[in-house]
Each structure stands twice: as structure tokens, then as C-alpha cells.
Protein chains: 2
Amino acid sequence: MASRKEVAELAGVSEATVSRVLNGVGPIKEETKRKVLQASEQLGYVPSALARSFARSKSGNLGVVMPYVPKAHLFSAYFFSEMLSGIGNKARESGMDLLVMFRTPDEVMNYTDLFRRQKIDACIILGARDDPGELAALQQLQQEGHPFCVMNQHFAGQSFVEVDADHIKGSRQAIRHLTDQGYRKIAFLNGPDSYSNSQERLQGVQMGMQEAKMELDPSLLLEGNYSRRSGQEAAGHIANRLHEIDAVFAANDRMAIGVMHGLRERGIPVQDFPAFVGYDDSDAAEMAVPPLTSVRVPFYEMGELAARKLIDEKVGSPPANVSSLSSVSTRHLLPTELIVRASSIR
Amino acid sequence: MASRKEVAELAGVSEATVSRVLNGVGPIKEETKRKVLQASEQLGYVPSALARSFARSKSGNLGVVMPYVPKAHLFSAYFFSEMLSGIGNKARESGMDLLVMFRTPDEVMNYTDLFRRQKIDACIILGARDDPGELAALQQLQQEGHPFCVMNQHFAGQSFVEVDADHIKGSRQAIRHLTDQGYRKIAFLNGPDSYSNSQERLQGVQMGMQEAKMELDPSLLLEGNYSRRSGQEAAGHIANRLHEIDAVFAANDRMAIGVMHGLRERGIPVQDFPAFVGYDDSDAAEMAVPPLTSVRVPFYEMGELAARKLIDEKVGSPPANVSSLSSVSTRHLLPTELIVRASSIR
DNA sequence: TTGTAGGCGTTATCAT
DNA sequence: ATGATAACGCCTACAA
């Protein structure tokens with residue numbers, strides 16, 4: 001393992017010059033540059049990222065906090081992988097590495113320590129919970145001026161940098177798709193109300209209904225927990241009132257598929273199925289029988305956006321912006337898209 | 001941000017003593033320890049992981065190389081998430097952090113640089129390719145004595161530390177399950193022969209057949225690329241010879257489901273479907289219609305094992321083992337399990 | 001049991 | 001355009 005000193009000697013320059021050449025800073029004579037590069041090459045010199053981080057007191061790592069998922073089974077791994085890839089892509093472009101952390105069930109994440117330990121320079125939180133402990137931790141982060149971004153969860157009344165998809169519009173699209181085809185008796189299987197995501201979907205559904213001069217029948221508003229099983233259970237209600245229901249919109253694909261399963265279990269033939277629309281456009285949607293119409297969420301792009309936000313922020317933008325507008329627009333919503341498949345076509 | 005110096009002053013000791021207390025090394029008077037801890041607490045001191053890494057020239061990071069998956073869509077995200085969780089779990093237990101890297105399509109990974117840059121202390125490779133460039137890179141890694149572990153891919157003739165599932169046995173189980181029920185005309189839709197995984201599955205299939213005094217009909221050996229679409233295409237062959245086929249074993253769930261889709265597209269009713277067995281026991285298996293019998297692969301446990309191997313190795317084992325046996329047993333196979341669902345039951 | 005001091009490999013500042 | 005050199009914050013002999 002060649003050291004920088006050796007390179008400097010071989011090239012006949014000082015160590016500082018070696019640094020400058022390799023980091024491409026400062027004015028350097030072409031000749032010197034060549035010599036250094038050549039010596040470095042010859043000796044197979046690789047600068048230590050560790051020493052560099054230390055000297056700069058920057059780790060060069062972008063932290064990513066993954067939610068706790070019991071053996072990754074509760075939620076689909078699908079969208080976390082997508083987001084992670086998106087983040088990783090942007091991170092690489094700017095020369096940062098990804099430090100991935102898995103949240104444990106109980107433990108209240110101490111985000112600030114992560115920064116103080118200097119393990120990370122910025123942080124993306126995928127599994128933010130909506131409880132007071134979490135909120136406090138995030139507020140502290142913000143107060144100490146650490147760059148971070150929350151994905152998939154909105155904290156009302158805060159000015160956190162947030163990236164999410166536009167679930168209001170997404171749900172509206174789904175409902176419109178159904179009402180446009182003449183479906184009137186629409187059941188909505190939402191996720192737990194504690195997620196901002198679920199609340200937004202509900203808003204979107206209501207808007208969509210209103211646009212069609214209809215209203216969501218409260219007795220057709222069901223709640224699951226985003227698991228397939230909960231969809232399967234909801235199928236009981238739906239089966240009982242099958243004649244009063246001609247379409248089902250579920251807040252994610254897994255629940256939609258769960259409902260289909262539940263109906264099958266109860267011996268209901270496919271031709272008697274209501275129309276189905278799911279959400280997320282995960283792999284499962286196209287594998288479903290019948291293939292499931294679903295609201296596509298640009299998880300990959302969301303990951304990219306979140307990473308970019310943080311990287312830009314860190315790089316050089318002045319902390320104080322011209323107008324206070326910026327504090328209003330810390331939430332970034334990406335558009336969804338309805339992917340129509342057989343499950344929802346008359 | 002309190003510094004160590006301040007803590008030392010407040011506690012009335014030297015900085016070295018602060019270090020010793022916080023790292024729990026060396027003999028320390030109880031009284032001193034108390035003072036230091038208290039001072040540290042009071043000042044909210046958090047040691048810099050960066051400086052520590054630098055001083056120890058150990059990053060404390062476990063590298064994980066993810067395969068290139070175009071937008072994470074080609075393979076199911078499922079098993080990478082599982083393995084990653086398993087790795088993360090064990091890493092945390094031993095105080096290491098996870099540095100996740102995504103491979104790019106063309107680029108030949110330069111693994112050694114990762115170590116030389118001291119970004120990571122050990123490395124798990126999930127997406128190892130079976131080409132000469134990759135092999136050379138891994139050999140160099142080994143030669144330089146860097147701890148690493150390859151998952152899901154076997155390099156014959158090498159003594160790399162490898163972790164995989166026992167695909168021979170897994171495939172044998174699948175075939176036996178079918179033959180035990182009297183299925184005789186079994187088609188096998190394998191993945192590309194270039195993966196050691198596929199080769200092992202084929203072996204297992206052949207063994208299973210032999211055990212039932214049968215042979216795999218070469219014209220019923222199909223090859224896909226592990227994508228759903230390739231399964232859908234294979235369905236053409238299968239549909240054409242439906243009367244000569246009473247069961248289909250696919251090398252992963254996605255292809256199995258793809259075949260089912262393909263048959264449906266061709267208007268073949270479910271009751272005429274052959275029996276189906278998939279592989280991986282991914283989420284998709286239980287969402288399939290009919291629910292898909294599948295060979296469960298313990299991805300999570302594989303991740304844990306790989307991480308443990310590396311961590312143990314680094315911690316303190318003498319590099320030279322007593323017998324050369326260890327070099328023989330560098331490949332670790334975890335058992336699979338057949339999960340029986342409706343798709344394969346008469 | 002505790003303090004002192006050298007070293008780790010860069011970056012960055014100041015001279016030159 | 002380049003060279004010296006002082007940090008950076010911690011670990012770890014070695015000394016006391």
C-alpha cells in the first residue's frame with residue numbers, strides 16, 4: 001500500500017502538491033500534474049477515505065433509515081427497494097456513500113447522535129413514525145441544523161423537508177376512473193388513519209366522489225392495515241354486501257389482492273367480482289388475477305429527489321433564502337399515474 | 001458540541017483517561033469512572049466515529065454490494081431486502097454499520113479499492129457475476145487478505161467464503177413432492193445456465209427424478225431468465241403440449257406465475273392447469289391464483305450467516321487454522337423447505 | 001491506576 | 001505554482 005509520501009518523493013514534489021493534483025484544486029502546472037498522476041499510478045496509490053473524512057470532518061455518507069419491518073414482510077419490500085435504489089443512484093453521482101440503518105421496533109431513534117458521531121452528513125428517513133418521540137427527535141435534528149428529509153410521512157405544522165407522492169390526486173384519479181365508467185357503489189378500503197398517507201387518500205377519494213356528484217357511503221369505508229391479510233378479512237364485509245358494491249378501491253395492492261382472495265375463498269366467481277383498483281403499482285399488481293389496475297407511485301424518483309435535495313442543500317446553497325416562501329414549500333409531491341389493467345374494466 | 005478535552009477538564013483527569021473509561025479498557029478506579037461518565041453526560045459529549053476510525057484505521061463499516069437491477073424490477077426485490085435485513089441485524093449486534101453499494105450495469109467493480117480507501121472493513125457481495133473480470137477482482141480481494149463473502153453464486157475451484165441455500169436439495173424436494181403425488185410428466189423451467197444456482201437446481205431435479213425411477217424429458221427442460229415475462233413466453237410451449245405435461249416446476253416464483261398467466265391468456269381454464277411448484281417462496285407465491293407451492297429459501301438467515309462469518313473472522317480468529325479442512329468448508333449451504341399450497345395438490 | 005506524547009493521513013492555511 | 005506545517009480527535013504505547 002503506497003503512501004502519499006512515497007508518491008510525493010517519486011514525483012519529486014511535496015505531499016501537498018500530490019493532494020492538490022488528486023483533488024483537482026488550485027492552479028497546477030500541467031507538467032507537475034502529469035508527474036504526480038504517473039507516480040501515483042505507478043505506485044497504485046489510493047487515498048484513504050478515512051483520513052480524508054477526518055481531516056474534512058465530513059464522512060461522505062448519506063444515512064438512510066429503513067422502517068422496522070418484521071422480517072421485511074409486513075409491507076412490501078418493493079417500494080423500499082425502489083426508493084433505496086433511487087437514493088443510491090443520486091448519491092453515487094455526487095460521490096457519497098449510503099449508510100443504511102434499520103430501525104428496531106421499540107427503540108426511539110436518536111438521530112442527532114448519528115450526526116454528532118459524524119457517521120453521516122445528511123439523512124433520509126423512510127420509516128418515520130407519527131408519534132411524539134419521533135417528532136421531538138426530528139425537531140431536534142432541525143434545530144441543530146442537520147440536513148435531513150422525511151419520506152412518505154407528513155408532519156403537519158412542521159417545516160421539515162419532505163418528499164412524498166401526491167396521494168390526494170392519486171386517489172382522485174382512481175375514483176374518477178371508476179366513476180367515469182359508471183361505477184357508483186364504490187367501497188374504499190383504506191389503511192390506518194394514523195398515517196398521513198391514508199388521510200390523504202381519503203381526501204382524494206372524497207374529492208373524486210364529489211366531482212361525480214356522489215358521496216362516499218360511510219358504511220363502505222373500510223379500514224385495513226396495508227397487509228394482504230387485512231384485505232382478506234375485509235372481504236367478509238364486501239362479500240356480505242356484494243349486491244350493493246360494484247367497485248373496490250384499496251389503499252395498496254396487497255390489500256386489493258387480499259380482498260380478491262377473500263372473495264374467492266367465499267366461492268364468489270370472478271365474473272361476479274366488483275371492479276378493483278389498487279395502489280402502488282407494485283409487482284404484485286401485474287401478477288394478480290385478474291391483473292390489477294393500480295395507481296403508480298414513482299418511488300424510485302422520490303428517492304432520487306430526496307437525495308438530490310439533501311446533496312444540493314449541503315453543497316452550497318445559502319441557508320437563508322430570499323423569501324420565506326421556501327419554508328412553505330419544504331414538502332415535495334411527485335405525481336402519480338393510473339395504470340389501467342383488466343381488474344377495473346367493464 | 002462538547003469536546004473530549006472539556007470532559008477531561010470537568011472530570012479533572014486527562015483525555016486519555018476519558019478515552020479509557022468510554023471504551024471500557026484498562027483498569028480504572030471506580031471513582032474516576034464515575035466522574036468521567038458524569039462529566040461526559042453533563043456536557044453531552046459524543047465521541048467522533050470519524051476520528052476513532054481514523055486512529056484505528058478501521059471504518060467500522062460492513063460493505064454490501066447489491067446487484068444491478070434495472071430499477072429493481074428484473075428480479076424480485078423480495079430476497080434482496082430479506083438478505084439485507086439479515087445482514088443489517090447481525091451487523092448492528094456487533095456495532096458495525098452497513099455501507100450499501102449498487103452495482104452499475106457495465107462497470108467492473110473494483111472491490112480492492114473499497115478496502116484500500118478504508119471505506120469498509122469487510123464486504124458481502126450479493127450480485128456477483130460469473131465472468132472473468134469478476135473472478136479476477138475477487139481473487140485479488142482474497143489475495144490481499146480482505147474478508148469478504150459471496151452470496152448466491154458459487155465459484156467452482158475457488159475457496160471463497162460463500163453462503164447459499166441448498167438448491168440441489170430444494171429442487172429435489174420439489175420434484176419429490178410432485179412424483180409422490182403421481183405426477184409423471186414434469187416440465188422444468190430453469191433459469192439461465194450461467195448461474196450456479198440454475199445448475200444446482202437442474203441437478204436436484206435430475207436426482208429427484210431418478211429417485212422416482214424417472215428421467216427428465218429433455219424436451220420438457222425449458223429455459224427462462226427468471227422474469228415473469230420469460231415464464232409467460234414459456235407458456236407457449238407448455239400450452240402446445242398440455243396433454244403431455246401434468247406438472248411444471250419453475251426455478252422461481254415469478255416464472256411460475258408467468259406461466260400461469262400465459263396459460264390463462266391462451267384461454268386454458270384453471271381446472272386444466274398442470275400442477276405448479278415455484279421457488280423462493282416470495283410474497284408473490286401466496287398471492288398467486290391458485291396459491292403457489294414453493295421452495296422456501298431462508299434469505300434472511302443467509303444474510304445473518306454471511307455477516308456473522310465476516311464479523312467472526314475479523315474479530316479474532318487466527319488466520320491459519322489447525323487443519324486445512326477449513327478451506328474445504330468455505331461454502332455454507334442453508335436448508336430449504338417446501339411450502340405446499342393449492343397449486344400442486346391433486 | 002493515570003498522565004504524557006507520538007502518530008494516524010489528510011486538508012487547508014500561510015508563506016514563498 | 002509550490003512547499004511547510006499546523007490542525008483534525010482519537011488511540012495507545014510508554015512512563016510515572
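The chains referred to below are lettered A, B, ... by the order of the sequence lines, with proteins before strands, and numbering in each begins at 1.
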Novice: For DNA chain C, which nucleotides open and close the run of contacts to chain A, 5' to 3', at under 4.0 angstrom from a non-hydrogen atom?
Specialist: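 Listed 5' to 3', the contact boundaries are C:dG9 to C:dT13.
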Novice: Are A:Ser53 and A:Ser59 close enough, and set up right, to give a side chain to side chain donor-acceptor pair (under 3.5 Å), and what steps lead you there?
Specialist: CA-CA 5 Å; A:Ser53 298; A:Ser59 65; over 6 Å; no
Novice: Can you list, by residue number, the residues of residues 21-30 of chain B that have a non-hydrogen atom closer than 4.0 angstrom to DNA chain C?
Specialist: B:Pro27, B:Ile28, B:Lys29
Novice: Please tabulate, one pair per line, all N/O donor-acceptor pairs under 3.5 Å involving side-chain atoms of residues 16-34 of chain A, not counting sequence neighbours.
Specialist:
unit_1: A:Thr17; atom_1: OG1; unit_2: A:Ser14; atom_2: OG; d: 3.3
unit_1: A:Ser19; atom_1: OG; unit_2: A:Arg4; atom_2: NH1; d: 2.7
unit_1: A:Asn23; atom_1: ND2; unit_2: A:Ser19; atom_2: O; d: 3.3

Novice: Go through the steps to decide whether B:Arg308 and B:Glu93 satisfy the test salt bridge (Lys or Arg N to Asp or Glu O under 4.0 Å), and finish with yes or no.
Specialist: CA-CA 10 Å; B:Arg308 194 171 47 220; B:Glu93 282 180 14; over 6 Å; no
Novice: Taking the six-membered ring for Trp, are B:Phe148 and B:Phe115 ring centroids under 6.0 Å apart?
Specialist: no
Novice: What is the nucleic acid contact for A:Arg56, judged by heavy atoms within less than 4.0 Å: base, sugar-phosphate only, or nothing?
Specialist: sugar-phosphate
Novice: May I have the distance from A:Glu15 (atom CD) to D:dA6 (atom P), rounded to whole angstrom?
Specialist: 14 Å
Novice: With side chain to side chain donor-acceptor pair (under 3.5 Å) as the test, would you mind laying out the steps for A:Glu134 and A:Tyr111 before giving the verdict?
Specialist: CA-CA 9 Å; A:Glu134 181 92 12; A:Tyr111 297 117; 2.7 Å; yes
Novice: Please check if any side-chain donor atom of A:Gln139 sits under 3.5 Å from a side-chain acceptor atom of A:Gln143, or the reverse.
Specialist: no
Novice: What's the CZ-C1' distance between A:Arg52 and D:dC8, to the nearest Å?
Specialist: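 Answer to the nearest Å: 15 Å.
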Novice: In whole angstrom, what separates A:Lys35's NZ from D:dA1's P?
Specialist: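 A:Lys35 atom NZ is separated from D:dA1 atom P by 14 Å.
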Novice: Once the angle between the rings of B:Phe155 and B:Phe160 is folded into 0 to 90°, is it parallel (under 30°), tilted (30 to 60°) or perpendicular (over 60°)?
Specialist: perpendicular
Novice: Nearest whole Å is fine: how far is D:dA7 C1' from A:Phe54 CZ?
Specialist: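 Rounded to the whole Å, the gap is 9 Å.
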Novice: Which listed nucleotide (D:dC8, D:dC10, D:dC11) is nearest to the side chain of B:Ser19?
Specialist: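 Out of D:dC8, D:dC10, D:dC11, the nucleotide with an atom closest to B:Ser19's side chain is D:dC11.
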Novice: Any side-chain to backbone donor/acceptor pair from B:Asp121 onto B:Gly60? Under 3.5 Å, distance only.
Specialist: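 Yes; judged by distance alone, with no hydrogens or angles, the pair exists.
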Novice: Could you tell me whether A:Ser57 contacts a base, only the sugar-phosphate backbone, or nothing, with contacts defined as non-hydrogen atoms closer than 4.0 Å?
Specialist: nothing
Novice: Could you check how far CG of A:Leu50 sits from P of D:dG9, rounded to whole Å?
Specialist: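 It is 15 Å, rounded to the nearest whole Å.
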Novice: What is the nucleic acid contact for B:Ser53, judged by heavy atoms within less than 4.0 Å: base, sugar-phosphate only, or nothing?
Specialist: nothing
Novice: I want to check something: taking the side chain as every heavy atom from C-beta on, are B:Ile125 and B:Leu138 in contact at a cut-off of under 4.5 Å?
Specialist: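 A side-chain contact exists here, since the closest heavy-atom pair is under 4.5 Å.
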Novice: Please compare A:Arg20 and B:Thr32 by the position of their nearest nucleotide in DNA chain C and report the one closer to 5'.
Specialist: B:Thr32
Novice: Could you tell me the separation between the CZ atom of A:Arg34 and the C1' atom of D:dA1, rounded to a whole number of Å?
Specialist: 16 Å
